[in-house]
Structures are given as structure tokens and as C-alpha cells.
Amino acid sequence: MSTRMFGAPVQRSEDERLVAGRGAFLDDLGAGACAAAFVRSPHADARILDIDAAEAVDVDGLIAVYTYEDLSGPMAEPLPLLIPHPSIVDGRTPYPLAREYVHHVGEPVAMVVAHDRYTAEDAAARIRVDYEVGGPVVGIEAAAAAERTVHEGMADNVAAHLVQEVGDARAAIGAAPNSLELDLDIERSAATPLEGRGVYARWEPPTGSTGSDDGRLRVYSSTQTATGVRAAVAAKLELALGQVEVVVPDVGGGFGVKIVHPWPEEVMVPWAARRLGREVAWVEDRREHFIAAAHERAQRQRVRVGFDDSGRLLGLDVDILHDNGAYLPYGVIVPIVTSTQLLGPYKPGAYRVEFRSLYTSTAIVTPYRGAGRPQGVFAMERTMDAIADHLGLDRLAVRAANVITPAEMPYDQGLLFQDGRPLIYDSGDYPRMLEMIGELVDWPGFAEYRERAREEGRRVGIGVACYVEGTGPGPYEGGHVQVETSGKVRVATGLTSQGQGHGTMLAQVVADELDVPLTDVEVTTGDTRRMGYSVGTFASRGAVTSGSAVALAARRLKEKALRIAADALEADTGDLEFSQGRIQVKGSPAHRVELGTVAVLSNPLRYAFDAASAAATQFSGGGDPDRPPVAEGDAPGLEGTDYHSPLRCTFANGAHAAVVETDPDTAEIRILRYCVVHDCGNLINPRIVEGQVHGGVAQGVAGALYERMVYDSDGQLLNASLMDFLMPYASEIPTVEIAHMQTPSPLNPLGVKGAGEAGVIPASAALAAAVEDAEGFRVARMPISPPELFELRRRHAAG
Ligand code: MCN
């Protein structure tokens with residue numbers, strides 16, 4: 001390979017188009033369609049007594065009003081529980097439109113379709129819904145107390161319950177020379193992407209080519225999983241899979257919230273489009289996003305730990321109460337991830353973890369970037385700091401005493417992941433990671449700096465937090481690579497893109513495999529017409545699964561290209577090599593054939609529409625008369641498809657260190673430095689990875705110091721607008737200093753691990769530790785704002 005794009009920090013090919021305003025987002029595509037609007041519950045817990053649409057019917061431009069009564073067949077059934085798990089005790093999912101009860105503010109109760117959005121909203125506002133208001137369950141304590149239940153027919157609010165244990169943790173803690181107990185609290189937050197959810201559907205009448213009276217449905221969605229939406233819509237609308245096409249256009253961020261498939265709106269809009277035979281579009285507004293999309297993070301944790309005098313863990317017992325909101329359409333991935341990846345790079349001795357996932361009368365909870373890991377890291381790293389402080393040891397040294405070493409890899413923590421597969425760390429150099437973060441932030445020099453600052457009346461503190469992250473889960477992802485007769489290469493992946501730069505990174509992989517210029521490779525993402533089997537974009541899996549799949553697909557294509565070129569050049573395949581868009585004889589580059597020509601030769605039916613050609617179509621029927629023009633088992637065209645199905649997750653890892661200053665008067669928390677050591681295996685595009693880390697840290701800082709969802713006791717979200725939800729500006733986000741490690745993964749052909757979530761994971765833990773170091777008292781609850789820091793100071797001073 002002479003181009004070597006893998007590992008090069010090339011600019012993202014997507015950006016010029018997006019920055020120049022040529023992006024095609026959902027709202028651009030559905031601009032001419034009829035508009036849908038949803039009537040949503042204003043109550044967190046209520047029974048619907050009556051829905052009266054009489055006043056709406058008078059609105060000029062109204063096309064239809066639908067309620068649950070209009071639904072039948074699968075549409076009248078609850079939405080599926082996507083990822084079942086044995087821990088789920090009672091898995092409740094919503095109906096496409098509320099049937100009799102509503103369980104959180106924002107739940108869709110009726111749908112309006114009109115000629116335009118303005119009319120649709122106007123008509124929706126005129127629909128009168130009569131509710132019998134009940135008593136909502138708000139907050140983890142209320143859910144656990146179970147004085148009231150969220151769902152009818154349940155004795156308590158426990159949606160799922162799981163215990164995993166390796167060894168006898170309680171006995172180990174009881175016998176340990178030292179033990180501690182910590183109560184920790186992480187509040188609810190949310191991803192808040194720039195673009196909300198949206199779906200635009202059009203029903204296309206039968207063409208006759210299918211031999212059927214039925215048409216086809218084209219659905220555009222800002223989803224993270226195109227094939228998932230296709231399967232769900234087909235099932236709900238009782239269509240064959242082949243009748244539904246899902247295309248994901250440009251998407252302005254997802255961060256997990258667009259992973260649910262289908263959302264109620266995502267089946268209602270296609271259903272209405274089919275029923276009406278018209279194009280129907282819905283794009284979520286910001287308030288809808290806050291109250292009716294998904295949140296995450298809220299957990300209460302109790303940690304008990306036993307350790308020896310050098311700080312080495314002997315036993316760890318963690319109890320987690322997890323707030324999963326009103327429904328469970330996506331299963332219980334989040335608390336499973338918390339409980340299994342909480343251990344980070346450490347050996348815990350004996351370990352017991354128990355979680356209860358609780359229904360509350362609030363928006364649903366699904367994975368948000370990091371997916372349960374920020375909470376797990378918070379528990380583990382706060383524990384590490386508490387141990388160090390208890391023993392009077394250095395916080396970094398206590399971590400070093402507990403990490404798994406490279407010689408111990410692969411390392412089996414003895415736990416089972418969501419899919420029932422064992423959690424085995426494949427590779428990583430955790431001791432070196434600790435050394436590197438210490439060097440980057442100048443850990444040894446900080447004590448002196450802190451002292452000097454104190455003499456000047458300033459409060460500064462340092463914190464460190466480590467994580468491991470199981471990335472790149474299966475079951476599979478595919479890639480399709482095709483060389484056109486022009487020599488241009490077209491790549492398709494089922495991955496959907498929300499801003500990760502997949503187009504660039506997959507082009508880099510293929511450009512290297514085929515040795516073609518990067519600019520000759522064009523990538524299509526998230527289009528079920530191009531890639532019918534796919535899983536989707538989440539769990540930092542794109543580089544691992546799709547990167548590997550397109551590499552394998554390109555290799556298949558190469559085998560075929562070599563066979564054709566060998567024929568054309570009358571050479572042996574072993575004597576040929578790919579070089580800069582050609583196949584040539586090794587050591588004799590004048591004997592060569594362009595890749596585009598190989599594509600021409602791959603199809604015996606050649607179209608030659610250039611003016612010089614006598615006939616438009618030429619059949620190259622020559623050659624061996626005893627062989628059919630296309631050999632059995634072969635196919636015309638120069639293309640290859642392949643899939644990568646990883647054995648299990650590959651474990652990325654990293655450490656963050658934060659230096660903060662807290663204002664003695666105002667309790668403002670300023671980040672002075674933010675350092676990251678990050679290992680995601682071989683880097684395909686370091687520039688993209690750094691962008692991913694920056695973005696992740698920004699969301700991590702936001703979750704640590706600014707963002708939270710504030711519900712009142714009636715289940716009303718009090719800060720459901722960007723005026724009230726404190727999303728930080730760029731000015732609040734520190735410069736992120738990054739040092740890369742590259743420990744290749746042995747589990748995939750590219751040696752890569754995921755990077756998309758890493759930045760967010762340890763931020764809360766690192767910042768809590770830094771604030772604690774600056775202030776000298778324990779920080780056990782995140783996020784922490786100036787008023788809360790002020791209150792902690794007051795309480796600390798009062799003893
Ligand atoms: N990459 C690389 N080399 C590696 C690993 C990754 O070059 N060894 C690059 C890849 O080029 C890829 C990007 O980093 O383009 C992220 O890759 P990966 O870690 O495989 O993550 P996914 O492609 O599966 O993306 C999902 C991940 C998740 S789970 C969330 S949440 C998230 C994230 O990506 N949401 C995002 N990053 C986001 N970035 C943007 N802009 N918007 C979102 O919604």
C-alpha cells in the first residue's frame with residue numbers, strides 16, 4: 001500500500017458540504033409534506049376519560065385526527081421491548097398513542113395531520129382531553145418506597161432486578177483490615193442533540209413490478225438504526241420487509257437518544273402516510289424533545305469496600321437504584337453496563353453488584369453517550385479516592401496498586417454482559433496509562449502548586465479518574481464496496497451517522513485496501529436500499545464493526561479484481577499488485593490495467609454510450625466458447641460484500657485528570673486544565689478521534705457541572721427549554737490536552753477499539769475529585785453547581 005490513509009489525520013470529507021449549508025436534514029426533505037403534530041399529556045399520571053376533537057375539526061387545512069381508537073391490529077398493541085433480558089421483572093412499553101393511561105408528561109395521546117405545521121399545532125391545541133389525574137411517582141426514593149406505583153397491576157416499581165457476584169464480597173469486606181461505605185448520587189440528564197427526532201414518510205403506490213396491489217413505504221428518519229426502524233415499521237404496519245425502505249439523511253447529533261426503534265411517532269407518521277396516501281412529516285420541537293424523548297444517568301449507589309493497608313481492594317459490594325422512567329422499550333442496558341463496567345481497570349477482589357431498575361412517572365431512560373459508565377466510574381473512582389484519603393496515600397498510587405497488568409490480559413472479570421457473553425478485557429496497558437496521565441498533568445508537581453495557590457488565598461485541586469469501555473459489540477455489521485467503470489469506488493454501510501465522520505473513516509480504510517486516492521471513494525450510510533442487514537450506530541461500534549466489514553468487503557473485491565486482471569494481463573494473480581488505482585505486474589509497472597477497466601471487464605454486457613462508439617451496447621461474448629460469459633458462482637460487476645461479527649466487545653480505556661479552581665466567595669468552579677490519556681487501539685483517523693474526545697469531554701463537563709433534569713413533585717419538567725436547561729457554551733469547556741496510546745485489539749482485523757463515547761465517561765468522577773481536593777470535603781453528588789458547593793461548605797463548616 002502506498003497511500004496509507006489508515007492513521008492519517010485527514011480532514012473530514014463531510015464538513016465542507018455541512019458547513020456550506022448543503023446538508024440535507026429531515027426538515028429539509030419533508031418540507032413539502034403534510035405536517036403531523038402530537039397532542040401530549042400534560043399530566044405525569046392520569047387516566048384518559050374522553051378525547052373531544054370537535055373544535056379541531058373546524059380548523060382550515062386539517063386533514064385528520066387520530067387517537068388510540070383509530071388503531072387496530074399490531075398498531076393497537078404496545079411497542080416492542082427491544083432488548084429482553086432475564087433481569088426484567090415487568091417490562092412495560094408505551095402504545096403508539098396512549099390507550100387509557102398516561103405515565104409521563106409528554107406521552108402522545110392524539111395525532112393531528114394538516115397541510116402545514118402551523119395548522120397542525122393549532123388544531124392539536126383545540127383537542128380537549130378529559131383526564132382523571134392520579135398520583136405520579138417522581139424520583140428514585142419515591143419509586144423505591146413504592147407507596148404508589150407507576151403502572152397498574154404492579155405491586156412495586158421494580159422493572160428489573162439483577163445480582164452478579166464473583167467470590168463472597170460481603171465476607172471479604174467483613175474480614176478486611178479496612179472498610180468504608182459511600183453513598184453516591186447522580187442526577188438525571190440528557191443528550192440534547194442539536195437536531196431533535198424526526199420522521200418523514202411517503203407511501204408509493206404499486207408499480208406492477210412486484211406483481212402485487214400493494215405499494216411501498218419510504219421512511220426518512222433521524223434514527224440511529226435504519227434497519228431497526230424498517231423492521232419495526234414493517235411489523236406494525238403489517239408490511240413485508242421489502243416494502244419498507246428507510247433512509248437516514250444528515251443528522252444533527254444523536255448521542256443515544258435516537259436509538260429507540262420505533263418511537264411512537266416513528267410508527268404513527270408512516271401509518272398515517274399509508275392511510276392517507278400522502279407524504280407526512282414530523283420534526284420534534286425542543287420542548288417535545290425535553291419532555292418526550294429519552295434521558296439518562298439518574299442513579300443512587302451505595303458502595304461498601306474492604307481493602308488492605310496498601311489500598312489494595314479485597315471486596316466490593318455495590319447496590320444501585322436506577323431510574324428508568326415510565327417505560328422500558330429499550331430494556332435495561334444502562335444499569336447492566338453500570339454494574340459490569342464499574343470495575344474499570346481494577347481487580348476488585350470479591351465483587352457483588354445488585355441493581356434495581358425502577359419505574360418513575362418521567363420520560364423514559366435509554367443509553368446516552370457513555371450509557372451507564374459515567375455512573376459506574378463515579379462509584380469506582382470515588383471509592384478509590386476515599387480509600388487513598390482514608391489511608392493517607394497518594395490517590396494515583398492507590399490506583400496503580402489495583403490495576404490489571406498487560407501480563408494478565410486477556411482478563412476475565414467473571415461477569416456476564418447484556419448478551420450473556422463473558423466480559424473479558426482483551427488488551428490494554430493500564431499501568432502505563434496511569435504513568436502517562438501523571439506525566440501529562442504533572443501529578444508529582446501539583447502538591448507544591450496547591451500549596452503556593454493556598455498561600456495566595458486560592459483554592460485549587462486535582463482529580464483523576466480511569467475507565468474501561470467495552471466497545472464494538474456485535475452481532476455484526478456489513479460493508480459493500482463497488483468499483484465503477486469510471487474507477488470511482490462506492491462504499492455502503494448500514495451504520496447511520498450523526499456526526500461521527502463515518503464517510504471519511506470508511507473511505508480511509510477502503511482507500512488503503514484498494515490503493516486508490518481518498519477522493520475517489522464515496523460512502524453511503526444508513527440506507528436500507530443499499531445495505532439491508534445492519535445493526536446501527538451506538539456503543540462505539542462503528543470503527544470496529546463497520547470499519548472491519550468494509551475492509552473485508554474490499555478484500556473480497558480485490559480477489560475478483562486480481563482474477564480478471566490476471567486474465568487481461570496474461571499473468572499469474574500472485575505476480576500482480578494494486579498500485580494507485582491500477583493493477584500491475586510486480587516489477588513491471590508498464591504492464592497494468594486500470595481498476596475502472598477491470599470493472600468494465602467484470603461485466604460481459606458493456607454499455608458504451610460515448611459518441612465514438614458504433615453501438616450503444618456491446619456484448620463481449622468472445623473468449624472461451626466452452627465457458628459461460630459469467631462463470632457459475634460468480635456475478636457480473638466488480639463488487640464485494642462482507643460482514644464482521646466480533647466475538648465480543650473490545651475494551652478501550654483511558655484516564656482523565658482535571659485541575660480546578662473554586663472561588664472562595666462565589667463558589668464558582670473553573671477548570672484550569674483537562675488532560676486525557678486515551679487508548680482506542682489503532683487510530684483510523686486521529687483528528688476524528690480527538691474531535692470525538694473533545695465532544696465527549698464537553699458533554700462530561702456539562703453533566704458534572706451544569707446539566708440536569710429538574711422535575712417537580714407533580715412530574716413536570718421545570719427546565720424543558722434551552723433557556724432553563726443549563727447547557728454550557730464553548731467558553732465553559734476547557735482546552736482538552738490529549739495523549740494517545742494505541743494498544744491494538746486482537747479481536748478485529750483492523751486492531752481498533754471504539755472512541756465515540758470515551759470522552760464523557762470519567763469526567764464527573766475526575767471533576768468531583770478535583771473539587772474535593774480543592775475544598776477538603778467529600779463530594780458525593782453530581783452535578784455540582786455553585787449553590788450546591790456553597791451549601792456543602794456551609795455544612796462542612798458547621799461540622
Ligand atoms: N475512530 C477512529 N479510530 C478508532 C476508533 C474510532 O478513527 N480506533 C473514529 C471513527 O472514524 C468514527 C469515530 O471515531 O468515525 C467514532 O467511532 P466509534 O467509536 O466506532 O463510534 P461509532 O461510530 O459507533 O459512533 C457512535 C458513538 C456513540 S455510541 C455516541 S453516543 C456518539 C458518538 O459516537 N454520538 C455522537 N459520537 C458522536 N459524535 C457526534 N458528532 N454526534 C453524535 O450523536
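Atoms within each ligand, like the ligands themselves, are counted from 1 in listed order. Just so it is clear, the structure is predicted and the values come from calculations on it, not from any experiment.
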Pairs satisfying salt bridge (Lys or Arg N to Asp or Glu O under 4.0 Å), at least one member in residues 678-697, at least two apart: none
Salt bridge present between Glu296 and Arg188 (N-O < 4.0 angstrom): no
So, do Phe255 and Tyr368 have ring centers that fall under 6.0 Å from each other? no
Contact residues of ligand 1, where a non-hydrogen atom lies under 4.0 Å away: Gly253, Gly254, Phe255, Gly256, Arg369, Gln498, Gly499, Gln500, Gly501, His502, Met505, Thr537, Phe538, Ala539, Ser540, Arg541, Gly542, Ala543, Cys680, Asn682, Leu683, Ile684, Asn685, Ile688, Val689, Gln692, Val752, Lys753, Gly754, Ala755, Gly756, Glu757
For the ring pair Tyr643 and Tyr533, is the centre-to-centre distance below 6.0 Å? no
Could you pull out all donor-acceptor pairs under 3.5 Å where a side-chain atom in residues 415-424 meets a protein atom, sequence neighbours excluded?
residue: Asp419; atom: OD1; partner: Arg421; partner atom: N; Å: 3.0
residue: Arg421; atom: NH1; partner: Leu647; partner atom: O; Å: 2.5

Which residues share a salt bridge (charged side-chain N to carboxylate O under 4.0 Å, His left out) with Arg17, sequence neighbours left out: Asp250
